[in-house]
Amino acid sequence: MNLKTTYGIPKRTGANINIFVFFQDDPSTIRRTLKKYGFAPGVADNYGFAGMKDEVLELISPDKKKDQCGILLGLGRKEKYTPDNARRAGGYFAGLAAKRLIKAAAVAAIPKPESSLGAFVEGVILGGYSFDKYKSKKRNILSLRLIIEEKYRKFRKEINKSVVLAESACFARDLVNTPANFLTPSSYAAQARTLARKYGIRTRIYSAREIQAMKMGALWGVAKGSEQPPRLITYSYNGGKRGEAPIVLVGKGVTFDTGGISLKPNASMVDMKNDMAGSATVISQMIVLGRLKPKINVVGIVPAVENMPSGRALKPSDIITASDGQTIEVLNTDAEGRLILADALCFAHKFKPKAIVDIATLTGAVMYALGHAAAGIIGTDDKLLKKLYEVGQKTAEKTWQLPLWDEYYEQIKSNMADMKNTGGRPAGTITASAFLSKFVGDIPWAHIDIAAMDNQEGSHPYQPKGATGFGTRLLAEFLLSQ
Ligand code: BES
Ligand code: MN
Ligand code: ZN
C-alpha cells in the first residue's frame with residue numbers, strides 16, 4: 001500500500017470517511033463523539049457496536065448536506081489495552097480500505113493517542129500489504145491518504161516512526177516472499193547494496209572466493225553444494241561517535257533450505273524460501289537507520305547461501321573447521337543455519353561489538369516450545385535479554401527466554417571434533433543456541449529464533465498470508481532504544 005499521512009481538518013480536506021476508534025467501556029464517549037460528527041448519537045448502540053477488541057462497524061450518516069461514512073473500530077476494555085489492539089484496528093481498517101477502494105479517510109478520534117496512533121498507522125500499512133509482483137494481472141496498488149486530525153499533530157514524530165517501521169517490515173516481507181529462483185545469494189547481495197547506496201550506508205560484500213580465503217569452513221561447507229555462489233553481506237551505519245562500539249546484527253540468510261544431503265521431505269521443504277527471514281530483518285534495518293538516523297553505530301552481517309544436495313555437498317559425518325579454528329562434526333546437513341551463523345559470529349568479533357544480536361529461522365523445535373505466539377530468545381546478557389523482551393511487548397513481536405544451562409552442552413559434544421551440529425530432538429532450540437554460543441565468546445549476545453513466526457498461514461488483521469516481516473519492528477525499536 002501507498003500510504004500518505006497528512007494533518008488537517010477533515011471537512012476542509014474533503015475526506016468524507018471518518019475513522020473512530022473506541023474503548024469498550026465508554027458508551028458516553030461513543031455517543032458524544034458520533035453526535036459531534038453528525039451521526040445519530042445512539043446509532044452505535046442500535047447496531048450493537050460496543051467497542052470490543054476487533055469489532056468493526058461501518059455507518060452512513062443520514063446527514064442530508066453531505067454524505068458521511070463512519071468507520072467504528074473497537075479497542076476492547078481499557079484495563080486490558082495494549083497498543084497491539086490499535087494495530088489490529090488499523091489492520092481491519094486497511095482491509096476495508098482495500099475492499100471499498102477507499103482513497104482518503106480521516107482519523108477523527110482515537111483514545112490513548114500517545115501509544116495508539118502510531119500503532120494504528122502501523123496496522124494500516126502492515127494490513128494493507130500485498131505481494132503481487134509475480135502475478136501477470138496486478139491488483140490495484142492501494143493508495144490511501146490518511147488525514148490525521150489537527151489535534152493529533154503533536155504525535156507526528158511517533159507516527160513518522162511507525163510509518164518507517166511498518167514500511168521496513170513490508171520491505172522484509174517482499175524479500176522473504178520472493179522465491180528462491182529470484183532471490184539468490186548474489187541477487188540478494190546486489191539488492192542490499194542498492195538499498196545501502198540509497199541511504200549512504202557502507203556495504204562490503206564478500207564473494208565465494210573471499211569466504212574461502214577467510215577460512216570460513218562452516219559457511220563454505222553449506223554453500224559448496226549449490227550452483228549458486230554464497231555471499232557474506234555486511235553493512236555499517238555510523239550515526240554514533242567515531243570509535244564507539246557498534247551493535248552487531250547477524251541474520252540467517254539461507255535463500256533456500258532443501259536440507260542438503262539430509263534432504264527434507266517435500267511437505268517441510270515448500271516453505272523454505274523463507275529461510276532467509278532473519279537476514280531480511282537485518283537488511284531492512286538499513287531503512288530504519290537511513291530514515292530515522294539514530295545516533296548509534298550498527299553493523300549488519302548476513303551470510304547468504306543456498307543449502308542444496310549435490311556431488312559437492314557436505315555429507316553427514318563430515319568434519320569442517322570454522323574461521324576461529326573450532327571443528328564441527330556435521331551429523332545432519334539440515335542443521336545448516338548454525339553452521340553459517342558460526343562463521344558470521346566469528347566475523348562479528350572484528351567490529352569489537354558492544355553487543356551481538358542474531359536472528360534466524362533456526363529450529364522447527366521452537367514451534368513446539370512456544371507455538372506461534374512468540375520467538376524464542378536465548379543469550380548471555382540479562383540486560384540485553386530484558387530489553388528485547390520489552391521491545392517485544394511494545395511491538396507485539398514477542399520474545400520469550402529459554403534457558404542455556406550447562407546440561408545442554410552435553411548434547412552437542414562430539415567424539416570426533418570439538419562439537420557436533422545437532423543435539424538430537426530434546427530441547428532442539430536450546431542446543432542450537434548452545435552451539436552458537438561457542439562462537440560468541442564474552443560479548444553480550446542474544447539469539448532470536450523466529451522459525452515459527454516468519455510465515456502467516458491463518459488469518460490475522462495486519463498480517464496477510466505469507467511473510468510476516470517478524471523481527472523487523474522488534475530490532476528497530478531495540479536499536480532506537482539504545
Ligand atoms: N530452516 C530450518 C528450521 C525451520 C523449520 C524453519 C521449520 C522454519 C520452519 C533449519 O535449517 C532446520 O532444518 N533445522 C532442523 C535442525 C535439526 C536437523 C537439528 C530442524 O529444526 O529440524
Ligand atoms: Mn535446515
Ligand atoms: Zn534452515
Side-chain angles (χ1 to χ4, degrees), residues 176-177 180 183 185 188 218-219 221-223 225-226 228 230 250-281 302-309 313-318 328-344 358-372 374-376 378 402 408-409 411-414 419-436 447-458 466-471:
V176 177
N177 282 329
L183 194 93
Y188 195 10
L219 173 51
V222 178
S226 172
Q228 294 293 340
V250 179
K252 173 179 174 182
V254 176
T255 58
F256 198 82
D257 181 12
T258 65
I261 296 295
S262 313
L263 197 65
K264 286 181 186 291
N266 188 56
S268 332
M269 202 192 287
V270 280
D271 283 332
M272 284 302 134
K273 68 169 182 181
N274 287 11
D275 212 18
M276 34 58 71
S279 68
T281 74
V302 169
V305 299
E306 192 180 66
N307 187 23
M308 294 289 280
L314 273 179
K315 300 168 291 295
S317 82
D318 281 358
I328 304 159
E329 185 184 13
V330 178
L331 290 180
N332 190 324
T333 64
D334 197 11
E336 85 297 342
R338 64 198 76 182
L339 298 177
I340 68 168
L341 289 174
D343 275 324
D358 80 71
I359 177 162
T361 48
L362 203 62
T363 65
V366 74
M367 190 186 72
Y368 297 98
L370 297 168
H372 301 288
I378 287 183
L402 301 173
Y408 300 111
Y409 287 86
Q411 284 174 246
I412 56 167
K413 279 194 175 144
S414 162
M419 68 196 88
K420 54 188 188 189
N421 80 329
T422 64
R425 278 167 70 86
T429 304
I430 303 177
T431 54
S433 311
F435 179 95
L436 295 180
H447 158 67
I448 308 171
D449 193 332
I450 59 167
M453 305 307 289
D454 59 311
N455 203 34
Q456 180 57 256
E457 278 156 29
T468 59
F470 184 101

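Predicted model only: the values in this text are computed from it and were never measured. Each ligand, and each atom within it, is numbered from 1 in the order the structure gives.
- Considering backbone and side-chain atoms together, D454 places no N or O closer than 3.5 Å to any N or O of ligand 1.
- Rounding to the nearest 0.5 angstrom, the gap separating the CE atom in M308 from the CG atom in L314 is 14.0 Å.
- Annotation for ligand 1: atoms under 4.0 Å from non-hydrogen atoms of D257 are 1 (N), 2 (C), 10 (C), 11 (O), 13 (O).
- Near E336, meaning under 4.0 Å from any of its heavy atoms, are these atoms of ligand 1: 11 (O).
- In terms of protein heavy-atom proximity, atom 12 (C) of ligand 1 is closest to D334 O, 3.2 Å.
- With hydrogens and angles disregarded, a donor-acceptor distance shorter than 3.5 Å links the side chain of T468 to the backbone of M453.
- Counting heavy atoms under 4.0 Å from ligand 1, residue K252 touches it through the side chain alone.
- Between OD2 of D275 and OE2 of E336, the angle at the Zn ion (ligand 3) works out to 100°, rounded to 10 degrees.
- Looking at every heavy atom in both residues, L331 comes nearest to P316 through O-CB, 3.6 Å.
- For the atom pair OG1 (T255) and NZ (K273), the distance works out to 12.5 Å, reported to the nearest 0.5 Å.
- Residue T361 has at least one heavy-atom neighbour below 4.0 Å for each of these atoms of ligand 1: 1 (N), 2 (C), 3 (C), 6 (C).
- In summary, D275 places no N/O/S atom under 2.8 Å from the Mn ion (ligand 2), failing the contact criterion.
- Proximity of a side-chain donor or acceptor of D275 to a complementary backbone N or O of M272 within less than 3.5 Å is not detected.
- Looking only at its N/O/S atoms, D257 has OD2 as the one nearest to the Zn ion (ligand 3).
- For the residues T422, D449, L362, the heavy atom positioned nearest atom 14 (N) of ligand 1 is part of L362.
- Judged by distance alone, with hydrogens and angles left aside, the side-chain atoms of N177 form a donor-acceptor pair with the main-chain N or O of A467 at under 3.5 Å.
- Contact annotation: A335 places no N, O or S atom under 2.8 Å from the Zn ion (ligand 3).
- In this structure, T258 contributes its side chain and L263 its backbone to no donor-acceptor pair below 3.5 Å.
- Inter-residue side-chain proximity for E336 and K252 is flagged as met; some heavy-atom pair is nearer than 4.5 Å.
- A donor-acceptor distance shorter than 3.5 angstrom exists from the side chain of T333 to the backbone of G259, with no hydrogens or angles considered.
- Residues F435 and L339 share a closest heavy-atom pair of CZ-CD2, 3.9 Å.
- Contact annotation: for N332 versus ligand 1, heavy atoms closer than 4.0 Å belong to the side chain alone.
- Heavy-atom proximity to R338, at under 4.0 Å, picks out these atoms of ligand 1: 16 (C), 19 (C).
- Among the heteroatoms counted here (N, O or S) of D257, OD2 is the one nearest to the Mn ion (ligand 2).
- Each of the following atoms of ligand 1 lies closer than 4.0 Å to a heavy atom of A451: 6 (C), 8 (C), 9 (C).
- In terms of polar-atom proximity, defined here as any N/O pair under 3.5 Å, G364 does make such a contact with ligand 1.
- With respect to the Mn ion (ligand 2), E336 has OE1 as its nearest N, O or S atom.
- Compare M272, M367, M453 by their heavy atoms: the one nearest to atom 7 (C) of ligand 1 is in M272.
- Q456 is not listed as a side-chain neighbour of F470, based on a closest heavy-atom distance of 4.5 Å or more.
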